[in-house]
K.L.:
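The following block contains the structure, expressed as structure tokens.
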Amino acid sequence: MAPVAMRSVAKSLSEAKPVSYWLDDPGRPDPQPALTSDEKCDLLVIGAGYSGLWTALLAKERDPGRDVVLIESKEAGWAASGRNGGFCAASLTHGFANGLARWPGELAKLEELGARNLDAIEEAVARYGIDCDFERTGEIDVATEPHQVEELRELHEEARRLGLADGSEWLEGEALRAEVNSPTFLAGLWDREGVAMLNPAKLAWGLKRACLEQGVRIYENTRGLKMARAGAGMTVETPYGTILARRVALGTNIFPSLVKRVRPFTVPVYDYALMTEPLTVEQLASVGWKNRPGLGDSANQFHYFRITKDNRILWGGYDAIYPYRGKLDSEYDHRPETYLKLAEHFFTAFPQLEGVRFSHAWGGAIDTCSRFSAFFGTAHSGRVAYAAGYTGLGVGATRFGADVMLDLLDGLSTERTRLEMVKSKPMPFPPEPLAWTGIALTKWSLARADARGGHRNLWLRTLDRLGLGFDS
Ligand SMILES: Cc1cc2nc3c(=O)[nH]c(=O)nc-3n(C[C@H](O)[C@H](O)[C@H](O)COP(=O)(O)OP(=O)(O)OC[C@H]3O[C@@H](n4cnc5c(N)ncnc54)[C@H](O)[C@@H]3O)c2cc1C
């Protein structure tokens, strides 16, 4: 393939606004006022990303009489929930392969619960009239190297053997390129049912509206500072007032958990995305994309890409940046060297789009845990529940996590709480400098494996045996 000219690649970024395309929307709702007095409630939810918003909404759906308060340090959906790719997947396990490796015995159940969860999201979007461009188009995993074709085929065979391949379709060469035309695509596996595409920020804002309509009291620009036991409940201090709550649900993702012992289970990994300007009719015709699925390639350092309602292309992934000591800082939200790399890869995948410009470029922190899929738990004798560690696949799974938190807070034994996945925890990350060194070695090894036909070195094979890893 002809190498892309780096000067024209750089030019494509010249007008890219350094802000999430989804959040750069005149329809962004005004924040709810901050809490400026003391409050009391049955359930306090902390964090207004999808995790907290679904928890508050489902709590009201389960029991409309429950008094629910939701607090958010900044504005609903400003963090990962307003910056992601908008791939809303049924998978609760960060994909079939990860689920198969970790919970082979309950994978069928996890897949069934995940499919039901995605159906429930679709149903809620319709019922609450959430205008978030929800399209159940599925996702195609594409192979761009011969060894990836074999790996993808083996995965499809395994899913078929387990009776879990319904709705998936194998596409080879021309048939794949007839769907989405890239000279780099060799084969693809289309999961037609298990993924929907949506506008992430509009989902968060729609959930916020639905919460308010159901009577949830939301306070934005209100950070939960400290949490302590008080009688049979908990108190949470915020800058201008204290909240007394019978139960607390933490949907705080990668931000420092108010339950300290949860912190070592996750590290922040910064992931980046570009958005093009809307394609012209001719440009769109040159790529096809009539059925509008999302796509992801199959390398360790993978890209995800999709088309928006107004025919822009979002192109993200590849670099996964871990800041030393897991420092969270808005400085990491932008990384021009990653944007340049992403743009170069974009024009390699779609050379026919030469001349297209990017309108937005941004990044955000992912809550990576060593098993790449969420973990759950309680603290303070069951008064507090948490769910975190979604590792880059939380758009759909956070709704499932919200249900798990509510089950745990209500002391219920359900098909969710009985799962091994829900009862077990990932391996925590070690302190620095070990975490940084281990992650750097893993990233180096993954890049090398991609360059060497997928061959995993001793370090990666050891991590595989221990069930540990690093992903975004
Ligand atoms: C660039 C990028 C691309 C991604 N792409 C995809 C994708 O395509 N598909 C997918 O499934 N997933 C994707 N993800 C992951 C997905 O976005 C997350 O898993 C999901 O949004 C997590 O939701 P959340 O509510 O747990 O976290 P967040 O959206 O981060 O929300 C947590 C909220 O808690 C608030 N908070 C934290 N601490 C406190 C406190 N003490 N007091 C008050 N409020 C607090 C924060 O301010 C924040 O608003 C991506 C993530 C990124 C960054």
Side-chain angles (χ1 to χ4, degrees), residues 20-22 34-35 44-56 70-92 94-95 118 121 139 195-198 200-201 203-204 207-208 218-227 236-239 243 248-259 266 268-274 294-296 304-306 314 316-321 328 332-333 335 338 342 361-369 372-374 386-399 401-402 405 472:
S20 159
Y21 165 76
W22 313 113
L35 177 68
L44 171 64
V45 181
I46 305 186
Y50 304 135
S51 183
L53 290 162
W54 278 118
T55 306
L70 172 56
I71 59 169
E72 162 56 48
S73 341
K74 294 193 178 180
E75 290 184 24
W78 76 273
S81 299
R83 298 164 188 235
N84 61 73
F87 287 61
C88 184
S91 177
L92 304 174
H94 205 269
L118 181 56
I121 293 174
E139 178 179 353
V195 185
M197 294 293 126
L198 51 75
L203 174 63
L207 288 172
K208 172 179 153 180
I218 300 181
Y219 300 98
E220 288 173 90
N221 294 303
T222 301
R223 182 188 299 274
L225 301 170
K226 258 194 210 157
M227 186 168 68
V236 172
E237 275 179 38
T238 73
I243 304 166
V248 178
L250 299 178
T252 51
N253 194 19
I254 192 55
F255 301 92
S257 178
L258 291 176
V259 176
T266 55
V269 171
Y270 281 81
D271 185 49
Y272 300 89
L274 304 177
L295 293 97
Y304 51 87
F305 38 110
R306 57 162 293 185
L314 176 144
Y318 192 76
D319 267 347
I321 303 300
L328 285 168
Y332 301 121
D333 285 352
R335 201 164 187 272
T338 294
L342 280 173
W362 71 96
I366 279 172
D367 60 334
T368 291
C369 74
F372 315 148
S373 35
Y386 55 83
Y390 292 95
T391 317
L393 206 69
V395 174
T398 40
R399 184 190 173 282
M405 283 199 277
S472 58

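Whatever order the structure lists them in is the order used to number ligands and atoms, beginning at 1. Numbers for residues simply follow the sequence, beginning at 1.
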K.L.:
Any chance the side chains of Tyr304 and Asp271 put a donor and an acceptor closer than 3.5 Å?
P.N.:
yes

K.L.:
Quick one: look up the protein heavy atom nearest atom 30 (O) of ligand 1 and list residue, atom name and how far away it is.
P.N.:
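The answer is Asn253 ND2, 2.8 Å.
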
K.L.:
Looking only at heavy atoms, what is the nearest atom pair of Ala89 and Leu393, with distance?
P.N.:
CB-CD2, 3.9 Å

K.L.:
How long is the gap from CD on Glu139 to CZ on Phe305, to the nearest 0.5 Å?
P.N.:
9.0 Å

K.L.:
Give yes if a backbone or side-chain nitrogen or oxygen of Tyr272 is under 3.5 Å from a nitrogen or oxygen of ligand 1, and no if not.
P.N.:
no

K.L.:
Heavy-atom distances under 4.0 Å decide this one: backbone, side chain, both or neither, for Tyr270 against ligand 1?
P.N.:
neither

K.L.:
Give the numbers and elements of all ligand 1 atoms closer than 4.0 Å to a heavy atom of Ser51.
P.N.:
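Heavy-atom distances to Ser51 below 4.0 Å select 24 (P), 25 (O), 26 (O).
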
K.L.:
Applying a strict 4.0 Å limit to heavy atoms, is Gly363 in contact with ligand 1?
P.N.:
no

K.L.:
Could you check which of Phe87, Tyr219, Trp54, Trp78 puts a non-hydrogen atom nearest to atom 9 (N) of ligand 1?
P.N.:
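Selected option, by shortest heavy-atom distance: Phe87.
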
K.L.:
When you measure from atom 42 (N) of ligand 1 to every protein heavy atom, which one gives the shortest distance, and what is it?
P.N.:
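Here the closest protein heavy atom is Gly224 N, 2.9 Å.
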
K.L.:
I need the atoms of ligand 1 closer than 4.0 Å to a non-hydrogen atom of Gly364, numbered in the order shown.
P.N.:
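This gives 53 (C) as the contact atoms.
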
K.L.:
Note the single closest protein heavy atom to atom 52 (C) of ligand 1, along with its residue, its atom name and the distance in Å.
P.N.:
Ile366 CG1, 3.7 Å

K.L.:
Run the contact test for Ala89 against ligand 1 with a 4.0 Å cut-off on heavy atoms, strictly below, and give the result.
P.N.:
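The answer is no: ligand 1 sits nowhere under 4.0 Å from a heavy atom of Ala89.
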
K.L.:
Quick check on contacts: which atoms of ligand 1 are under 4.0 angstrom from a heavy atom of Tyr390?
P.N.:
19 (O)

K.L.:
Return the closest protein heavy atom for atom 38 (N) of ligand 1 as residue, atom name and distance.
P.N.:
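Ranked first by proximity to atom 38 (N) of ligand 1 is Thr252 CG2, 3.3 Å.
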
K.L.:
Under the 3.5 angstrom rule, does the side chain of Asn84 hit a backbone N or O of Gly86 as a donor-acceptor pair?
P.N.:
yes

K.L.:
Using a strict cut-off of 4.0 Å, indicate which atoms of ligand 1 neighbour a heavy atom of Ala79.
P.N.:
30 (O)

K.L.:
So for ligand 1, is Tyr50 a polar contact partner (N or O within less than 3.5 Å, distance only)?
P.N.:
yes

K.L.:
Considering only non-hydrogen protein atoms, determine which one is nearest to atom 5 (N) of ligand 1 and report residue, atom name and distance to 0.1 Å.
P.N.:
Gly85 N, 3.0 Å

K.L.:
At less than 4.0 angstrom from any non-hydrogen atom of Arg83, what atoms of ligand 1 do you find?
P.N.:
1 (C), 2 (C)

K.L.:
Keeping the roles fixed (side chain from Arg306, backbone from Gly85), state whether a donor-acceptor pair exists under 3.5 Å.
P.N.:
yes

K.L.:
CG/Leu274 to CG/Leu342 distance, rounded to the nearest 0.5 angstrom?
P.N.:
5.0 Å

K.L.:
What atoms of ligand 1 come closer than 4.0 angstrom to any heavy atom of Phe255?
P.N.:
30 (O), 37 (C), 38 (N), 46 (C), 48 (C)

K.L.:
Closer than 3.5 angstrom, by distance alone: can the side chain of His94 be matched with the main-chain N or O of Thr391 as a donor-acceptor pair?
P.N.:
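Between the backbone of Thr391 and the side chain of His94 there is a qualifying donor-acceptor contact (under 3.5 Å).
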
K.L.:
Using the ring of Trp362 (Phe, Tyr or Trp, six-membered ring only), decide whether Arg83 places NZ or CZ under 6.0 Å from its centre and within 45 degrees of its axis.
P.N.:
no

K.L.:
State, with a plain yes or no, whether a side-chain heavy atom of Thr338 is found less than 4.5 Å away from one of Tyr318.
P.N.:
no

K.L.:
Measuring from the heavy atoms of Gly86, does anything fall under 4.0 Å of ligand 1?
P.N.:
yes

K.L.:
Below 4.0 angstrom from a heavy atom of Gly251, which ligand 1 atoms are there? Numbered from 1 as shown, please.
P.N.:
32 (C), 33 (C), 34 (O)

K.L.:
Can any side-chain N or O of Arg223 pair as donor or acceptor with the backbone N or O of Lys74 at less than 3.5 Å?
P.N.:
no

K.L.:
Between Asp367 and Tyr390, is there a donor-acceptor pair closer than 3.5 Å when you use the side chain of the first and the backbone of the second?
P.N.:
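Between the backbone of Tyr390 and the side chain of Asp367 there is a qualifying donor-acceptor contact (under 3.5 Å).
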
K.L.:
So do Tyr270 and Ile366 actually touch side chain to side chain, heavy atoms under 4.5 Å?
P.N.:
no

K.L.:
Could you tell me whether Ile46 and ligand 1 have an N or O pair separated by under 3.5 Å?
P.N.:
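Looking only at distances, the answer is no, because the N/O contact criterion of under 3.5 Å is not met.
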
K.L.:
Flag Val395 as yes when one of its N or O atoms lies below 3.5 Å from any N or O atom of ligand 1, and as no otherwise.
P.N.:
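There is such a contact, yes.
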
K.L.:
With a 3.5 Å distance limit and no angle check, can you tell me whether Glu72 reaches the backbone of Glu220 through a side-chain donor-acceptor pair?
P.N.:
no

K.L.:
Taking distance alone, with N or O pairs closer than 3.5 Å, would you say Thr222 contacts ligand 1?
P.N.:
no

K.L.:
Suppose we measure from atom 45 (C) of ligand 1 to each protein heavy atom; which comes out shortest, and what is that distance?
P.N.:
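Scanning the protein heavy atoms, the shortest distance from atom 45 (C) of ligand 1 goes to Ser73 OG, 3.1 Å.
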
K.L.:
Is the contact between Ala204 and ligand 1 made by the side chain, the backbone, both, or neither, using heavy atoms and a 4.0 Å cut-off?
P.N.:
neither

K.L.:
Just need the protein heavy atom nearest to atom 50 (C) of ligand 1, so name the residue and atom and give the distance.
P.N.:
Asn84 CB, 3.3 Å

K.L.:
Is a donor on one side and an acceptor on the other found under 3.5 Å between the side chain of Ser81 and the backbone of Tyr50?
P.N.:
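At least one qualifying donor-acceptor pair exists.
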
K.L.:
Considering Gly82, Gly52, Ser81, Gly296 one by one, which has a heavy atom nearer to atom 21 (O) of ligand 1 than any of the others?
P.N.:
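When every heavy atom of Gly82, Gly52, Ser81, Gly296 is considered, Ser81 comes closest to atom 21 (O) of ligand 1.
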
K.L.:
Taking C-beta and beyond as the side chain, do Leu198 and Trp22 meet within less than 4.5 Å on heavy atoms?
P.N.:
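Sidechains of Trp22 and Leu198: no contact.
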
K.L.:
Check whether Thr222 reaches the backbone of Leu35 with its side chain - one donor and one acceptor, N or O, closer than 3.5 Å.
P.N.:
yes

K.L.:
Would you call Gly392 a ligand 1 contact, heavy-atom distance under 4.0 Å?
P.N.:
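Within the 4.0 Å threshold, so yes.
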
K.L.:
Below 4.5 Å, heavy atoms only, C-beta onward: do Ile254 and Leu328 meet side chain to side chain?
P.N.:
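Contact flag for Ile254/Leu328 side chains = yes.
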
K.L.:
So which heavy atom in the protein is nearest atom 31 (O) of ligand 1, and how far is it from that ligand atom?
P.N.:
Gly49 CA, 3.4 Å

K.L.:
Return yes or no for this condition: an N or O of Gly77 is under 3.5 Å from an N or O of ligand 1.
P.N.:
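No, since none of the N or O atoms of Gly77 sits under 3.5 Å from an N or O of ligand 1.
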
K.L.:
Between Glu72 and ligand 1, which residue portion shows a heavy-atom distance shorter than 4.0 Å: side chain, backbone, both, or neither?
P.N.:
both

